[in-house]
Number of protein chains: 2
Amino acid sequence: MSSTIPTLGFAILSVLARADSTGYEIAGRMRNPVARFWTASHSQIHTDLRRLLAEGLVGYTTAPGPGPQEKKIYSITGEGLEALREWVTEPPRPQPERDELVLKTYAAWLADPAALTEMFRTALRGHEKRLAEYEAAWASVEKDAPAFGTPRFGNMAALRCGLTYERHRADWCRWMIDQLSRSLKPSCDASYPSEE
Amino acid sequence: MSSTIPTLGFAILSVLARADSTGYEIAGRMRNPVARFWTASHSQIHTDLRRLLAEGLVGYTTAPGPGPQEKKIYSITGEGLEALREWVTEPPRPQPERDELVLKTYAAWLADPAALTEMFRTALRGHEKRLAEYEAAWASVEKDAPAFGTPRFGNMAALRCGLTYERHRADWCRWMIDQLSRSLKPSCDASYPSEE
DNA sequence: CACCACTATGTCAGTTCTTACATAGTTAAA
DNA sequence: TTTAACTATGTAAGAACTGACATAGTGGTG
């Protein structure tokens with residue numbers, strides 16, 4: 001029964017539940033901002049698609065493709081949909097999440113404050129950019145709130161998480177930059193120009 | 001020069017920069033709330049310690065241990081500290097982060113709203129619990145703010161991120177639960193008791 | 001006294017995932 | 001016209017990681 005499908009398998013099923021796709025398209029959809037919380041290389045996706053196929057959770061039809069092989073358009077089966085539905089409500093383990101920036105922060109006391117500030121400014125720019133994108137997307141989704149039971153509900157919910165995540169993250173980066181400037185300023189006040 | 005040390009290697013060095021430890025202790029320290037952003041099993045840590053040793057980034061002294069083998073107390077070398085310092089300010093790639101709960105959310109439109117609500121309530125409890133822990137720790141760290149250049153600065157900075165992260169996450173879970181109840185209420189008003 | 005949790009190191013099999021390579025057609029820009 | 005980007009599938013080597021097993025002493029609980 002439970003043949004230990006890896007999480008990536010369910011990510012693939014989640015994409016196929018919305019639209020039939022080739023392996024290549026699945027990889028692309030996973031890279032899009034609303035869904036980039038479980039990305040993978042196309043090679044891994046092809047590997048997992050073969051497994052899902054063997055378990056009867058997906059099927060495919062072929063069409064002439066650009067390369068030497070035929071193009072395979074995958075679709076989720078009834079069994080796949082059932083497996084996905086069951087998985088969705090199983091509580092995930094409270095993800096200890098691997099976060100390289102926080103790891104660097106943990107070791108930040110060892111490093112050069114100026115270089116650190118630069119790094120956090122770079123990170124901040126990234127977060128602000130994504131926040132702006134999410135806010136624009138949010139404004140358009142808010143106009144007519146999608147009903148539960150439609151894929152757009154999933155989009156909205158994931159987008160909401162991304163939005164508040166980027167906001168938290170940007171705030172934290174700003175706090176870090178401020179902390180670093182505080183630890184710098186007192187000792188070398190005059191060496192900085194007065195403007196911001 | 002750059003022999004492609006995996007991120008876990010730097011996580012280990014970050015721990016050793018604070019205190020000499022056995023492999024077992026490193027695994028334990030990585031599980032602790034202030035540092036649980038790059039956990040690993042002890043077997044992986046032992047493997048990576050051997051590599052770091054081969055590269056001269058750590059050294060060790062032995063002491064009688066409980067098991068058949070001797071206990072090895074690892075410490076970071078000058079070279080290790082230098083490598084760690086360099087790595088800290090290198091910008092990490094904007095982590096696409098794998099987040100199982102958000103992935104489930106993306107597919108949430110397929111599932112049973114009641115079961116989903118239950119899952120988010122469970123997640124919310126976890127976030128609230130950790131938030132309370134972090135807030136208590138924050139109160140004690142705030143009294144005397146650690147200076148840059150001391151390990152406690154790293155603690156404070158990582159804690160600050162954890163704190164605002166849990167807050168954002170708990171808020172989002174509450175928003176989700178509210179959304180789910182909205183989508184449930186209108187269609188089946190009478191089937192629910194009037195109390196909250 | 002039995003059992004469990006903790007300290008401590010290590011091996012090994014297997015899974016997951018990344019990176020590079022290989023092939024090949026279309027379309028758009030330089 | 002060449003070059004690059006995009007579409008599309010696949011293999012294969014190897015890195016990263018997990019989980020189970022193995023060994024063995026100490027200390028606490030029932």
Side-chain angles (χ1 to χ4, degrees), chain A residues 2-12 15 19-32 36-55 58 60-74 93 95-98 100 103, chain B residues 2-12 15-16 19-32 36-55 58 60-74 92-93 95-98 100 103:
Chain A
S2 66
S3 22
T4 54
I5 300 159
T7 308
L8 179 56
F10 289 108
I12 292 169
V15 170
D20 296 356
S21 315
T22 66
Y24 180 85
E25 283 172 330
I26 293 169
R29 298 230 165 88
M30 283 183 177
R31 253 177 278 117
N32 118 359
R36 63 159 151 236
F37 26 75
W38 211 282
T39 55
S41 58
H42 77 269
S43 58
Q44 185 62 21
I45 287 167
H46 281 123
T47 304
D48 277 38
L49 275 170
R50 257 194 301 271
R51 174 155 34 170
L52 293 171
L53 187 68
E55 305 205 23
V58 302
Y60 70 85
T61 55
T62 53
Q69 280 94 9
E70 287 212 293
K71 175 165 137 171
K72 290 176 184 172
I73 298 150
Y74 287 90
R93 48 171 147 176
Q95 213 100 19
E97 72 161 315
R98 295 187 167 174
E100 206 176 319
L103 177 57
Chain B
S2 66
S3 22
T4 55
I5 299 159
T7 309
L8 179 56
F10 290 107
I12 292 169
V15 170
L16 288 179
D20 296 356
S21 314
T22 65
Y24 181 86
E25 283 173 327
I26 293 169
R29 297 230 166 88
M30 283 183 178
R31 253 178 277 118
N32 118 359
R36 62 161 150 234
F37 24 76
W38 212 283
T39 56
S41 59
H42 76 269
S43 57
Q44 186 61 23
I45 288 167
H46 280 122
T47 303
D48 277 38
L49 275 170
R50 255 193 303 272
R51 174 156 32 169
L52 293 170
L53 187 68
E55 305 206 23
V58 302
Y60 70 87
T61 55
T62 54
Q69 279 95 6
E70 288 212 293
K71 177 164 133 172
K72 291 177 182 171
I73 299 149
Y74 286 91
R93 48 170 147 177
Q95 213 101 19
E97 76 162 309
R98 290 181 174 178
E100 207 176 320
L103 177 57

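Fair warning: this is a prediction, and the values are worked out from it, not measured in the lab.
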Q.
For a quick test of reading the model: is some side-chain N or O of B/Arg51 closer than 4.0 Å to OP1 or OP2 of D/dA16?
A.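 It does, given that an N or O in the side chain of B/Arg51 lies less than 4.0 Å from OP1 or OP2 of D/dA16.
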Fill in: Gap between atoms CZ and P, on B/Arg31 and C/dC6 respectively (whole Å)
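Checked: the CZ to P distance equals 10 Å.
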Next on the checklist: Below the 4.0 Å mark, does D/dT18 have OP1 or OP2 next to a side-chain nitrogen or oxygen of A/Arg93?
Outcome noted: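 For D/dT18, neither OP1 nor OP2 has a side-chain N or O of A/Arg93 closer than 4.0 Å.
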Original post:
Does B/Arg98 make a side-chain N or O approach to OP1 or OP2 of C/dC17 shorter than 4.0 Å?
Top reply: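 True: B/Arg98 side-chain N/O within range (under 4.0 Å) of C/dC17 OP1/OP2.
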key: Side chain of B/Gln69 (C-beta onward), nearest among D/dG25, C/dG10, D/dT7   =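 Nearest to the side chain of B/Gln69 among the choices is C/dG10.
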Specify the separation, in whole Å, of atom CG of A/Leu52 and atom P of C/dT16.
->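 Taking CG of A/Leu52 and P of C/dT16, I get 11 Å after rounding.
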Q. Looking at A/Tyr24, does any N or O in its side chain come under 4.0 Å of the phosphate oxygens OP1/OP2 on D/dT7?
A. yes
- Task: Tell me whether the OP1 or OP2 atom of D/dG10 has a side-chain N or O from A/Lys72 closer than 4.0 Å.
- Result: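 A/Lys72 to D/dG10 OP1/OP2: side-chain N or O found under 4.0 Å.
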Practice prompt. May I ask you to evaluate whether B/Ser41 reaches the phosphate of D/dC17, defined as a side-chain N or O under 4.0 Å from OP1 or OP2?
Written response: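 So the side chain of B/Ser41 is outside the cut-off, no N or O lying under 4.0 Å from OP1 or OP2 of D/dC17.
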DNA chain C nearest-nucleotide lookup for B/Thr22 and A/Asp48: closer to the 5′ end is B/Thr22
Query raised in the report: Taking all non-hydrogen atoms of both residues, which atom of A/Arg51 and which atom of A/Pro6 are closest, and how far apart?
Result: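 A/Arg51 and A/Pro6 have their closest heavy atoms at NH2-CG, 3.6 Å.
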_Whole angstroms only, please: what is the CG-P distance between B/Leu8 and D/dT18?_
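About 8 Å, once rounded to whole Å.
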- Please examine the side chains of A/Met30 and A/Ile26, heavy atoms only from C-beta on, and report whether any two atoms are closer than 4.5 Å.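 A side-chain contact exists here, since the closest heavy-atom pair is under 4.5 Å.
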- Item | Flag side-chain contact, heavy atom, 4.5 Å: B/Leu16 against B/Ser21 |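 The answer is yes, as the side chains (C-beta and beyond) meet within the 4.5 Å cut-off.
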By nearest heavy atom, map A/Pro68 and A/Ser43 onto DNA chain C; which one lands nearer the 5' end?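 The 5'-side residue here is A/Ser43.
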(message) Which nucleotide wins on minimum distance to the side chain of B/His46, given the candidates C/dT9, C/dT7, C/dT18?
(response)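 Within the option list, the nearest is C/dT9.
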Quiz item: Checking all strands, does B/Thr47 fall into the base, sugar-phosphate, or nothing category for heavy-atom contacts under 4.0 angstrom?
Solution: nothing
Rounded to whole Å, NZ of A/Lys71 lies from P of D/dA8 at a distance of 4 Å
For the residue pair A/Thr7 / B/Arg98, report whether a side-chain donor-acceptor contact shorter than 3.5 Å exists. no
In whole angstroms, the gap separating C1' of C/dC17 from CH2 of A/Trp38 amounts to 12 Å
Exercise. Can you check whether B/Trp38 reaches A/Leu103 side chain to side chain, under 4.5 Å on heavy atoms?
Worked result: yes
- Query: In whole Å, what is the span from the NE2 atom of A/His42 to the C1' atom of C/dA24?
  - Reply: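 It is 14 Å, rounded to the nearest whole Å.
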Atom-to-atom span, CD of B/Gln44 to P of D/dA15 - whole angstrom
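Atom CD in B/Gln44 sits about 12 Å away from atom P in D/dA15.
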Rounded to whole Å, the CD1-C1' distance (A/Ile45 to D/dT9) equals 12 Å
